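Working notes, beginning with the structure itself.
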Number of protein chains: 2
Amino acid sequence: MVVRGSSSAHRTLAILTTLGSKEAAERGGLGVVEIARRVGREKSQVSRALKTLDAEGFVERDRESMLYRLSWQVFTMAANAGHPRLLAVAPPVLRRLVGVLGERVHLTVLSHDGVLTVLSQGPARTVQAAGWVGRVTPLHTTSSGRALLFDHGDEEVAELLAGSQFASAGPGAPAGTEEFLARLAEARTAGYALAREEFEAGLVGAAAPVRDFRGQVMAALNVSAPANRMGRDLDAAGRVVLSAARQLSQSMAGC
Amino acid sequence: MVVRGSSSAHRTLAILTTLGSKEAAERGGLGVVEIARRVGREKSQVSRALKTLDAEGFVERDRESMLYRLSWQVFTMAANAGHPRLLAVAPPVLRRLVGVLGERVHLTVLSHDGVLTVLSQGPARTVQAAGWVGRVTPLHTTSSGRALLFDHGDEEVAELLAGSQFASAGPGAPAGTEEFLARLAEARTAGYALAREEFEAGLVGAAAPVRDFRGQVMAALNVSAPANRMGRDLDAAGRVVLSAARQLSQSMAGC
DNA sequence: CAAGGGGGTTGCCGAGCGAGCAACAGGGGT
DNA sequence: ACCCCTGTTGCTCGCTCGGCAACCCCCTTG
């Protein structure tokens with residue numbers, strides 16, 4: 001079998017990915033040369049590829065600064081990505097869970113080798129820590145990470161963690177793959193995962209897996225709060241999250 | 001100048017768009033042959049292109065049904081698309097507006113020749129009419145549509161409306177481009193746009209433009225409600241929305 | 001079991017497309 | 001005037017896909 005490089009398509013997609021990065025958004029867009037640098041291609045190729053992307057409506061260009069950025073069209077696509085039904089069914093469940101726990105809850109999925117937050121709901125009273133949605137957090141320092149790996153084999157998990165930086169985490173973070181696997185096993189028997197100051201000092205969380213009609217883990221429900229507010233009741237919170245996750249799983253199965 | 005077709009990139013992007021369509025999501029994904037039919041290409045090319053897209057993480061495949069669908073990665077991209085700052089700043093404004101009006105409010109942008117809803121916030125009590133986000137509604141039968149076209153010239157507007165189906169709308173919808181332009185002019189002088197049963201019978205709405213630091217219209221704030229709840233106060237609602245939109249514009253300018 | 005049909009992947013070859021370079025056009029700075 | 005940086009366009013050769021056909025696999029039908 002001949003592996004086709006499809007260099008043109010690869011390059012175009014690499015540009016899309018680059019424009020979808022956080023830094024690109026923060027700068028308000030990227031220029032042709034800047035993108036060329038990042039994807040390691042000739043600026044002429046990038047210039048022409050961007051013209052194609054523009055014609056297809058994937059990117060738009062600020063008339064003044066000449067910078068390209070992803071267009072809103074990507075939003076429409078996102079609404080139909082992954083398991084759209086999950087997005088439709090989950091909000092009421094999240095809201096109820098917020099009502100019970102009084103803390104911000106998230107719906108997360110496994111994306112690549114990280115935890116992607118796809119929905120986030122907080123009590124209205126708190127300061128809006130908006131900006132979680134679309135963000136990717138590490139697998140190994142979050143309760144969601146463990147909940148999402150419930151059904152993975154140890155070797156698979158080790159592979160996914162290979163790229164993780166075990167440094168730069170909270171004080172309670174697992175020291176290495178072995179310790180992570182131990183905590184994962186513990187979480188499996190409990191049915192929910194707890195994380196005490198693993199992601200960040202002073203932050204605790206609990207998570208439980210959401211399963212599709214076949215029983216496969218497709219997402220995780222997760223609550224996250226300051227340790228001084230939820231630290232003592234974390235185990236109870238875990239059970240509440242588990243119950244809500246089961247409920248969500250049932251909603252998904254009902255289709 | 002030679003226009004480069006970049007047929008490979010075009011095809012790849014067309015596949016992405018197809019997978020991002022609503023029907024694709026409803027079916028839970030699309031197969032190779034189905035996609036080939038829709039984009040009008042050889043199934044072999046589509047098969048190979050999908051392999052590339054998979055390798056880049058844009059799509060994923062259901063192991064059992066063999067169907068491809070957009071991966072959650074698109075979610076991450078969406079968080080950085082358009083004007084991400086708008087997404088970060090808007091939620092509190094929307095929530096306040098919901099508090100005042102007691103009805104569902106939306107943040108919309110111009111996408112292609114339609115109105116794309118990027119944020120939606122409703123009073124918790126009502127039944128969640130979730131699923132607005134990511135949806136595209138017509139330009140000519142919505143208050144948002146008019147608010148987004150405040151600064152467009154008449155010819156530009158006519159061009160954008162060219163593809164619109166003036167049939168299949170609510171009873172109050174404008175009959176044609178001319179009538180639309182008249183209502184647009186009216187909205188311009190008021191500073192906000194009102195729509196009475198244009199999109200759908202029994203549904204009214206009010207919208208006002210959000211402007212960036214340069215004064216360019218970048219989005220619209222919009223409230224939508226049943227006529228029997230907001231019909232009489234629609235003009236007042238328009239003024240409230242306008243005030244909120246100004247506030248949002250200021251937040252955007254402050255950066 | 002054979003036959004048929006639909007979905008999906010792979011091999012193959014030549015024609016057409018793009019990689020890379022270079023030139024050029026603008027826009028600031030100094 | 002000069003340089004530096006960004007971005008676009010012309011051009012040519014070599015390489016990559018386009019299109020077809022064969023093949024695999026699964027399911028259904030007779």
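Proteins come first, then strands; the chains are lettered A, B, ... in the order of their sequence lines, and each starts at number 1. Keep in mind the model is a prediction, meaning the values are calculated, not measured. All values below come from the heavy atoms of this structure, side chains included, with hydrogens, waters and symmetry mates left out.
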remark   = B/Ile35 atom CD1 is separated from C/dT9 atom C1', nearest whole Å, by 15 Å
message = Between the base of C/dG7 and the side chain of B/Arg37, is one N or O donor paired with an acceptor at under 3.5 angstrom?
response = no
task = State plainly whether the residues A/Arg38 and A/Glu23 are in salt-bridge range, i.e. N to O under 4.0 Å.
result = yes
inquiry  = Rounded to whole Å, please give me the gap between OH in A/Tyr68 and C1' in D/dG7.
reply    = 9 Å
message = Counting only side-chain nitrogens and oxygens, does A/Arg61 get under 4.0 Å of the OP1 or OP2 atom of D/dT8?
response = yes
message = It should be established whether A/Ser44 places a side-chain nitrogen or oxygen under 4.0 Å from OP1 or OP2 of nucleotide D/dT8.
response = no
key: Separation of atom CG in A/Leu50 from atom P in D/dT9, rounded to whole Å   = 13 Å
inquiry  = Does B/Arg69 form a side-chain hydrogen bond (donor to acceptor under 3.5 Å, both in side chains) with A/His83? I'd like the steps, not just the answer.
reply    = CA-CA 9 Å; B/Arg69 62 166 168 262; A/His83 299 262; 3.3 Å; yes
request  = State plainly whether the residues B/Arg211 and B/Asp151 are in salt-bridge range, i.e. N to O under 4.0 Å.
outcome  = yes
task = Respond yes when some side-chain nitrogen or oxygen of A/Lys43 is under 4.0 Å from OP1 or OP2 of C/dC21, and no when none is.
result = no
ask   = For the base of C/dG20, is there a side-chain donor-acceptor partner from A/Arg11 under 3.5 Å away?
value = no
request  = Could you state the atom-to-atom distance from CD of B/Glu42 to P of D/dT16 in whole Å?
outcome  = 21 Å
message = Which residues pass the side-chain contact (heavy atoms from CB on, under 4.5 Å) test with A/His152, not counting sequence neighbours?
response = A/Leu110, A/Leu149, A/Glu156, A/Val157, A/Leu160
message = With the threshold set at under 4.0 Å for non-hydrogen atoms, list the residues of residues 24-33 of chain A touching DNA chain C in residue-number order.
response = none
request  = Send over the distance from A/Lys51 NZ to C/dG18 P, rounded to a whole Å.
outcome  = 13 Å
task = Could you tell me whether A/Arg85 and B/Glu26 make a salt bridge, using a distance below 4.0 angstrom between a side-chain N and a carboxylate O?
result = no
request  = Could you tell me whether A/Arg63 atom CZ has more than 12 heavy atoms of other residues or ligands within 6.0 Å of it?
outcome  = no
message = Does C/dG18 have its OP1 or OP2 closer than 4.0 Å to a side-chain nitrogen or oxygen of A/Gln45?
response = no
inquiry  = My understanding is that only residues two or more places apart in sequence, or in another chain, count here; which of them pass ring pair (Phe, Tyr, Trp, His ring centres under 6.0 Å) with B/Phe58?
reply    = none
message = In whole Å, I'd like the distance from the CZ atom of A/Arg41 to the P atom of C/dG20.
response = 7 Å
Selected nucleotide, minimal atom distance to A/Met66 side chain, candidates D/dG10, D/dG19, D/dG7 = D/dG7
Nearest-angstrom distance from the residue atom CZ of B/Arg48 to P of C/dG7 = 19 Å
